[in-house]
Amino acid sequence: MRAERPDGPSIADHGLVGDLRTAALVATDGTIDWFCPGRFDAPSVFASILDPDAGSWRLGPDDEEARSQQYYHPETNILVTRFMTEQGVVEVQDFMPVLRAHDPDHRQRLVRRVVGLRGCVELTMAMSPRPDYATTMPELSTEDDVVRFADGDVHLALSSTVDVEVADHAATAHVALRTGESALFVLEVLAPGEPARGCSEADVDELFDATAGFWRGWLAQSTYTGRWREWVDRSALTLKLLCHEPSGGIIAAPTTSLPEHIGGTRNWDYRYVWVRDAAFSVYALLRLGFTDEASAFVRFLSERLGEAADDGVDTEELGPLRVLYDLDGAIPHERELDHLAGHRGSRPVRVGNGAVDQLQLDVYGELIDSVYLFDKHGRGISHDAWTDLRRIVSWLMDNWERPDAGMWEIRGEPRTHTTSLVMSWVAVERMMRVARRRGLPGDLTELAATRDAIYERVMTECWNDELGAFTAFEGGDVLDAGTLLMPMVKMLAPDDPRFLSTLALVEERLVSDSLVLRYDADTFDDGVEGGADGEGTFSLCSFWYVEALTRAGRLDDARLALEKMFTYANHLGQYAEQVGLNGEQLGNFPQGFTHLGLISAVINLDRSLDA
């Protein structure tokens with residue numbers, strides 16, 4: 001096998017494959033560095049991206065000088081890693097079969113097919129599973145040429161078309177492939193006692209074609225035909241990989257604890273359904289014509305609200321909705337995994353997320369805005385959904401003035417954040433739109449009074465005359481890129497002097513070469529240990545900046561900023577959460593927030609350029 005990886009690949013040196021239930025990260029050297037069998041938020045069985053001893057599945061040439069390139073099979077989420085060596089060329093095809101939407105007979109499999117393309121190349125497969133976040137060393141056994149091991153209640157079986165040896169808690173195989181030859185490795189996730197079904201070349205051919213057909217059929221629903229179709233298509237496919245089909249939830253990212261600063265402590269678990277992120281994702285997918293995902297997410301939220309009502313949950317402190325849920329709708333409290341070294345030494349590694357116990361009022365605006373769009377462009381909301389929304393907004397109208405943690409989830413003293421007020425205004429205003437358009441019941445007079453009160457509060461208390469800008473929170477002097485949302489949500493006209501003045505100051509203080517910081521990191525204490533040292537630019541904010549320029553009529557500037565942002569994507573067109581000073585991608589990967597921001601920015605810029 002190729003030489004050991006002293007630091008391992010960077011965050012961006014990966015591609016994602018998945019089956020709408022879970023996902024795996026495949027590095028450019030052919031190693032699967034992250035995989036949680038069963039579902040996104042399950043314990044990992046491969047986690048070498050967080051610790052070199054936390055499990056991996058390597059497949060690649062023995063030649064230490066081999067070069068590699070990755071691409072996605074066109075219009076699919078089937079990942080191909082090609083290796084060029086002195087002896088010849090091979091490629092590894094990685095995918096998780098998805099045969100049809102809402103398949104009641106879905107079987108979870110991670111398929112790896114390596115194909116000889118030129119010459120004769122010697123390769124090694126080495127699988128070292130470390131279940132439950134590398135807290136156990138599994139006993140591997142061989143039965144009928146199938147390697148088996150257990151991960152709690154989940155059993156896994158590795159089938160292959162070549163001989164596999166088992167020793168020292170690992171499975172290995174060596175193979176030499178000539179032109180036209182191939183070898184298959186299929187990891188099946190099984191229930192206890194369920195037999196492994198093995199694999200054959202004919203089976204994998206059928207799975208490959210069916211999976212490619214599924215992704216292409218899904219993508220064909222997209223209504224986008226503009227200038228940047230390849231970028232939008234890849235972002236849409238990436239967002240779809242973050243959808244958990246059985247529950248309807250949409251996760252923020254498929255990974256945990258990939259650092260916002262290498263060596264730092266800002267390492268969070270994003271494998272959950274953030275109401276904010278999921279609502280924005282629904283908005284982006286609806287803009288492209290995808291309605292099934294929106295319908296499924298509305299169902300997921302209705303179930304959460306129903307559970308809260310049935311259980312008599314006290315909503316006075318945190319409201320009728322939590323900021324995030326796991327895929328079962330439970331509360332994933334945060335804990336640290338002290339035994340893991342962290343990505344390139346970035347500790348701690350966390351599972352669960354402490355934000356679940358925060359009050360973040362902006363989530364209600366993002367949620368109701370997405371439901372409003374679903375009602376307008378999708379199938380329409382039900383009576384039960386409208387009843388849930390009325391209950392949510394009734395609570396919000398009594399609580400919108402409270403200090404909270406804001407959309408950036410500060411862990412310090414709560415404040416009255418401008419973006420929380422803005423999105424509370426959105427929640428009330430969109431309720432009025434739906435009620436008027438559909439003739440649904442609601443006290444429009446009361447809604448209008450609250451809407452107007454929030455608007456006046458923003459315009460008086462969140463505006464800093466001396467700076468000539470809206471600030472991050474009432475009475476402050478810290479800038480927040482979240483204020484770029486104000487014309488996007490229709491609270492201000494894009495040519496309003498107050499917005500243009502805010503935009504100019506954001507450009508001066510927060511923007512560098514199209515990259516945008518979330519806030520003034522040097523002057524704002526967000527309550528995270530270690531301060532804001534190394535705080536990267538936030539890629540979602542960079543796409544908000546593109547959209548703000550577009551709406552302000554600065555189309556040439558917007559187009560240049562967009563093209564610059566494309567250069568910060570990885571080799572597959574995917575983004576993590578942040579970009580560091582050296583252009584390195586940081587944070588969990590790939591990040592749904594970033595890709596939905598790209599979609600929205602591109603659609604609006606395209607429309608403006610056409611006009």
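Numbering of residues begins at 1 and proceeds along the displayed sequence. Every heavy atom of this structure was used, including side-chain atoms; hydrogens, water molecules and symmetry mates were not.
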Are [X] and [Y] an aromatic pair by the rule of ring centers under 6.0 Å?
X	Y	result
Trp274	Phe593	no
His73	Phe208	yes
Phe185	Trp57	no

Within the distance-only criterion (no hydrogens, no angle test), does the side chain of [X] pair as donor or acceptor with the backbone N or O of [Y] below 3.5 angstrom?
X	Y	result
Asp94	Val17	no
Ser370	Leu367	yes
Thr223	Leu288	yes
Ser542	Val516	yes
Asn570	Ala12	yes
Thr22	Cys36	yes
Ser346	His343	yes
Thr211	Val98	yes
Asn604	Ser600	yes
His14	Ile11	yes

Check: [X]/[Y] side-chain N/O donor and acceptor closer than 3.5 Å:
X	Y	answer
Gln70	Thr28	no
Asp375	Trp386	no
Ser295	Asp292	no
Asp277	Tyr272	no
Ser247	His244	yes
Glu577	Tyr270	yes
Asp33	Ser48	yes

side-chain contact (heavy atoms from CB on, under 4.5 Å), that's the test. Do Asn353 and Leu324 meet it? Break it down for me. CA-CA 9 Å; Asn353 199 292; Leu324 64 114; 4.2 Å; yes

May I have the step-by-step check of side-chain hydrogen bond (donor to acceptor under 3.5 Å, both in side chains) for Asn588 and Thr255, ending in yes or no? CA-CA 6 Å; Asn588 286 301; Thr255 56; 2.8 Å; yes

For the atom pair [atom1] ([X]) and [atom2] ([Y]), what is the distance rounded to the nearest 0.5 Å?
X	Y	atom1	atom2	answer
Gln585	Gln591	CD	CD	10.5 Å
Leu562	Phe566	CG	CZ	3.5 Å
Ser56	Leu25	OG	CG	13.0 Å
Leu237	Leu16	CG	CG	11.0 Å

On a heavy-atom basis, which atom in [X] and which in [Y] lie closest, and how many Å separate them?
X	Y	result
Ser235	Leu598	OG-CD2, 3.6 Å
Met488	Trp544	CE-O, 3.1 Å
Ala210	Leu99	CB-CD2, 3.7 Å
Asp362	Gly406	OD1-C, 3.9 Å

For a side-chain contact (heavy atoms from CB on, under 4.5 Å) check, start with the C-alpha distance between Leu485 and Val422, then their side-chain angles and the critical distance, and finish with the verdict. CA-CA 9 Å; Leu485 285 169; Val422 169; 5.6 Å; no

Does Arg430 have any salt bridge (charged side-chain N to carboxylate O under 4.0 Å, His left out) partners at least two apart in sequence or in another chain, and if so, which?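 Checked Arg430 against salt bridge (charged side-chain N to carboxylate O under 4.0 Å, His left out); matches are Asp369.
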
State which residues pass salt bridge (charged side-chain N to carboxylate O under 4.0 Å, His left out) with Glu584; sequence neighbours excluded, sorted by chain then number.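 Salt bridge (charged side-chain N to carboxylate O under 4.0 Å, His left out) check on Glu584 returns Arg344.
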
Go through Trp408 and Phe538 one step at a time and tell me if the ring pair (Phe, Tyr, Trp, His ring centres under 6.0 Å) criterion holds. CA-CA 11 Å; Trp408 305 131; Phe538 208 71; 5.1 Å; yes

Check Phe543, Trp231, Trp228 against Val602 for a side-chain contact (heavy atoms from CB on, under 4.5 Å) and give me the one that passes.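 Among Phe543, Trp231, Trp228, the one that satisfies the side-chain contact (heavy atoms from CB on, under 4.5 Å) with Val602 is Trp228.
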
Apply side-chain hydrogen bond (donor to acceptor under 3.5 Å, both in side chains) to Trp218 and Glu293, showing your working. CA-CA 11 Å; Trp218 180 81; Glu293 293 73 20; 2.9 Å; yes

Salt-bridge contact [X]-[Y] (side-chain N to carboxylate O under 4.0 Å):
X	Y	result
Arg276	Glu409	yes
Glu260	Arg518	yes
Arg551	Asp495	no
Arg67	Asp29	no
Glu91	Arg118	no
Asp41	Arg39	yes
Arg113	Glu201	yes
Asp103	Arg100	yes
Glu230	Arg234	no
Arg271	Asp269	yes

Determine, stepwise, if the pair Thr483 / Asp480 fulfils side-chain hydrogen bond (donor to acceptor under 3.5 Å, both in side chains). CA-CA 6 Å; Thr483 56; Asp480 179 356; over 6 Å; no

May I ask you to check whether over 12 heavy atoms, not counting those of [X], lie within 6.0 Å of atom [atom1]?
X	atom1	result
Asp556	CG	no
Glu563	CD	yes
Leu581	CG	no

Run the numbers on Asp606 and Tyr224 for side-chain hydrogen bond (donor to acceptor under 3.5 Å, both in side chains), then give the verdict. CA-CA 10 Å; Asp606 245 328; Tyr224 179 78; 2.2 Å; yes

NZ or CZ of Arg304 within 45° of Phe300 ring axis and under 6.0 Å: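 Verdict for Phe300: a cation-pi partner in Arg304.
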
Criterion side-chain contact (heavy atoms from CB on, under 4.5 Å) on Val121 and Leu123, from CA distance to verdict: CA-CA 6 Å; Val121 180; Leu123 305 101; 4.3 Å; yes

Using the side-chain contact (heavy atoms from CB on, under 4.5 Å) rule, take Glu429 and Ile368 through it: C-alpha gap first, then chi angles, then the decisive distance, then the call. CA-CA 9 Å; Glu429 198 273 343; Ile368 294 176; over 6 Å; no

